[in-house]
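Nothing here was measured: the structure is a model prediction, and the numbers come from that model. Within every chain, numbering begins at 1; the chains are lettered A, B, ... in the order of the sequence lines, protein sequences first and strands thereafter.
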Amino acid sequence: MYLLKIKHMNFIEELKWRGMLQDTMPGTEEQLQKEMTSAYVGFDPTADSLHVGNLAAIMLLKHLQRCGHKPFALVGGATGMVGDPSGKSAERKFLDETTLKHNQACIQKQLEKFLDFNSGANSAQIVNNYDWFKDFSLLDFLRDVGKNITISYMMAKDSVKNRMESGISFTEFSYQLIQGYDFFYLNEKHNVKLQMGGSDQWGNITTGTELVRRKSDREAFAITTPLITKSDGTKFGKSEGGNIWLDAKKTSPYQFYQFWLNVADDEALRYMKIFTTKSKEEIDALAEEHAKEPGMRALQKALAKEVTITVHSEEDYNKAIAASEILFGKGTLETLQSLSEEDLLSVFSDVPKSTLSKDQLATGISIIDLLSDLTGLCASKGEARRSIQGNAISVNKTKADESKKVDLNDLISTKYLLLQNGKKKYHLVVVG
RNA sequence: GGGGAGAUACUCAAGUGGUUAACGAGGACAGACUGUAAAUCUGUUGGCCCUGCCUUCGUAGGUUCGAAUCCUGCUCUCCCCA
């Protein structure tokens with residue numbers, strides 16, 4: 001066992017100032033001080049991508065590794081087949097095995113972006129609990145695991161208690177044992193002494209520490225991080241379009257960047273601490289800068305930058321910025337025309353598009369028809385009319401009135417037409 | 001089983017025979033302001049071949065010149081008594 005070098009940061013202290021510490025089991029800090037400690041966080045393969053709601057848990061591992069400890073990311077191939085009742089009001093549907101396999105592979109890839117797998121002793125490691133559960137027979141499980149935990153202990157967990165009224169299947173009831181055994185297994189095979197997770201996981205985690213203590217004479221510890229809240233009460237990690245995913249195919253780097261850039265002032269500092277690896281000094285400096293000139297959104301920009309680069313790439317980040325500038329900056333018809341066709345398509349890659357033929361345009365199309373029937377930017381002609389009367393509609397960055405007819409002369413690069421409803425809703429018409 | 005109340009647009013909620021596409025509130029969207037913000041102010045919020053027309057007030061019929069509004073059947077919800 002390696003002794004932790006002096007220069008390493010104290011993980012608990014680190015979590016504390018970052019506002020990421022909800023609960024710790026007694027003795028955890030001592031253990032972390034004593035030696036390089038292996039710790040794990042589990043991820044359910046319920047979808048083929050993680051989303052920003054999982055990010056805090058990922059960051060636990062990342063911060064852990066930065067503090068010189070060894071992170072294990074557990075992909076829940078087995079637990080995903082059972083279903084965690086925590087925070088769920090109703091029984092979950094099963095995913096089929098092919099889907100689960102696919103999801104596991106995708107999630108594993110995403111986790112790899114955050115952790116260092118090549119840092120010597122504390123290199124990150126990814127494990128899948130399906131590997132040790134697939135050949136574990138029911139009888140063996142009942143004898144080895146079930147025997148150690150009493151029903152009353154299991155029923156005392158909130159995740160179970162909250163479901164006693166509405167109903168919980170034996171399968172979901174057993175979930176904590178499966179997860180608990182994960183901890184035991186990782187403890188025995190990989191010397192993992194600490195499990196971390198969101199505060200909703202406390203119940204499951206303690207079943208694990210309990211199991212380790214009863215089945216062995218070893219020690220096991222736990223840390224949870226608070227669930228991320230928003231000041232307006234809405235759920236973190238959602239936008240109009242739904243979840244913000246880490247997968248670029250589900251949430252484009254541009255949308256991802258925008259999500260972070262649009263974080264409210266109240267939350268930016270908090271998120272900065274959780275989702276970036278910037279030091280306290282760096283963050284304090286940014287907060288000060290932000291306070292001086294809130295309009296510059298120094299915090300949001302730095303936050304969006306670091307997270308976008310980590311999850312996607314520096315190149316994606318630069319593209320997102322370029323697109324943002326054109327879409328939200330003081331763009332005019334001139335700036336639009338100065339774009340190369342390639343840049344134009346890249347900037348508007350996230351914008352809904354529709355195609356029209358040259359013939360359709362040749363005779364001129366009324367703006368009302370274009371907005372409603374031909375592009376769907378407005379739900380009906382009435383709505384199109386109202387939007388125009390409300391001064392919300394622009395064609396190629398120029399406000400349009402109701403009598404506007406669009407024809408071939410309006411095209412940019414003889415091929416494109418940029419429609420805009422309000423400040424943020426764009427639609428690109430491609431004429432081909 | 002007996003008795004009562006109700007069902008109105010995204011939600012809540014007025015309206016109880018004739019300018020009622022339906023008061024008001026919230027939400028949502030847009031405009032001004034701004035930081036691609038918050039707060040605030042303003043406008044819009046059934047559809048269309050749009051100075052007019054059509055379709056909507058649980059559902060199906062009926063009365064009437066005319067109904068969301070009156071009558072009847074049906075469906076559903078809630079409450080009270082057994």
Side-chain angles (χ1 to χ4, degrees), chain A residues 52 229-242 244 251-272 286-305 307-308 316-332 335-336 346-352 360 363-395 397-405 418-428:
Chain A
V52 297
T229 52
K230 277 180 30 176
S231 40
D232 62 4
T234 55
K235 207 176 164 198
F236 170 75
K238 300 244 184 198
S239 73
E240 311 92 76
I244 301 295
T251 300
S252 71
Y254 165 75
Q255 290 166 330
F256 189 83
Y257 173 79
Q258 284 285 323
F259 169 78
W260 295 104
L261 191 68
N262 281 312
V263 161
D265 289 8
D266 296 351
E267 280 130 24
L269 179 61
R270 198 150 45 92
Y271 293 171
M272 193 80 201
L286 281 165
E288 200 178 311
E289 195 182 322
H290 187 277
K292 241 183 259 164
E293 207 172 348
M296 290 311 291
R297 287 189 282 171
L299 282 171
Q300 283 94 332
K301 281 180 183 164
L303 174 67
K305 178 179 180 180
V307 183
T308 305
D316 288 326
Y317 161 73
N318 288 328
K319 277 189 184 161
I321 289 209
S324 300
E325 255 161 34
I326 287 167
L327 291 171
F328 295 107
K330 308 266 178 297
T332 59
T335 51
L336 268 181
S346 147
V347 166
F348 294 107
S349 59
D350 275 329
V351 164
Q360 277 175 292
T363 53
I365 299 175
S366 89
I367 184 72
I368 302 285
D369 289 338
L370 190 64
L371 288 170
S372 54
D373 296 345
L374 296 172
T375 61
L377 188 58
C378 297
S380 68
K381 292 190 183 174
E383 193 186 309
R385 234 171 239 116
R386 282 192 294 273
S387 295
I388 289 173
Q389 274 150 19
N391 202 27
I393 301 296
S394 301
V395 177
K397 288 277 180 191
T398 312
K399 292 288 181 192
D401 63 38
E402 202 169 326
S403 61
K404 169 82 179 169
K405 287 244 176 198
L418 183 67
L419 301 177
Q420 198 176 349
N421 181 2
K423 280 178 189 149
K424 298 183 184 177
K425 257 184 286 173
Y426 287 87
H427 190 105
L428 189 66

*asked:* If I compare all heavy atoms of Phe328(A) with all of Lys424(A), which pair ends up nearest, and what's the gap?
replied: CE2-CG, 3.8 Å

[atom1] atom, [N] versus [M]: distance in rounded Å?
N	M	atom1	answer
C49(B)	C53(B)	C1'	9 Å
G61(B)	G1(B)	C1'	30 Å
U75(B)	C10(B)	P	26 Å
G24(B)	A30(B)	P	22 Å
G6(B)	G15(B)	P	12 Å
U8(B)	A14(B)	P	11 Å
C78(B)	G58(B)	C1'	15 Å
A67(B)	A60(B)	P	16 Å

Atom [atom1] of [X] to atom [atom2] of [N]: distance rounded to whole Å?
X	N	atom1	atom2	result
Glu289(A)	G35(B)	CD	C1'	14 Å
Gln389(A)	U45(B)	CD	P	10 Å
Leu377(A)	C29(B)	CG	P	14 Å
His290(A)	A38(B)	NE2	C1'	11 Å

Please check if the side chain of [X] supplies one atom and the backbone of [Y] the other of a donor-acceptor pair under 3.5 Å.
X	Y	answer
Thr251(A)	Phe256(A)	no
Lys399(A)	Asn391(A)	yes
Tyr426(A)	Leu327(A)	yes
Lys425(A)	Leu377(A)	no

_Given U36(B), G31(B), G35(B), identify the nucleotide with an atom nearest to the side chain of Ser324(A)._
U36(B)

*Which one, G35(B), A30(B), A37(B), comes nearest to the side chain of Lys424(A)?*
A37(B)

*Would you mind checking if Asp369(A) and Lys381(A) are paired as a salt bridge, meaning a charged N to carboxylate O distance below 4.0 Å?*
yes

Tell me which nucleotide, if any, is Watson-Crick or G-U wobble paired with [N] when both distances must be under 3.5 Å.
N	answer
G43(B)	C29(B)
G66(B)	none
U16(B)	none
C76(B)	G6(B)
C23(B)	none

Indicate, with a heavy-atom threshold strictly under 4.0 Å, whether [X] touches base, sugar-phosphate, or nothing.
X	answer
Glu293(A)	nothing
Arg386(A)	sugar-phosphate
Asp266(A)	nothing
Gly422(A)	sugar-phosphate
Gly295(A)	base
Asn262(A)	base

*Does Lys381(A) make a side-chain N or O approach to OP1 or OP2 of C49(B) shorter than 4.0 Å?*
yes

*asked:* Taking 4.0 Å as the cut-off, does a side-chain nitrogen or oxygen of Lys423(A) come that near to OP1 or OP2 on C33(B)?
replied: no

_RNA chain B: 5'-proximal contact among Ser387(A) and Leu261(A) (nearest heavy atom)_ = Ser387(A)

*asked:* Please compare Arg297(A) and Ser380(A) by the position of their nearest nucleotide in RNA chain B and report the one closer to 5'.
replied: Arg297(A)

*asked:* We want to know whether Ser324(A) and Gln258(A) form a side-chain donor-acceptor pair, criterion being a heavy-atom distance below 3.5 angstrom.
replied: yes

*Is any side-chain N or O of Glu383(A) under 3.5 Å from a base N or O of U44(B), one able to act as donor and the other as acceptor?*
no

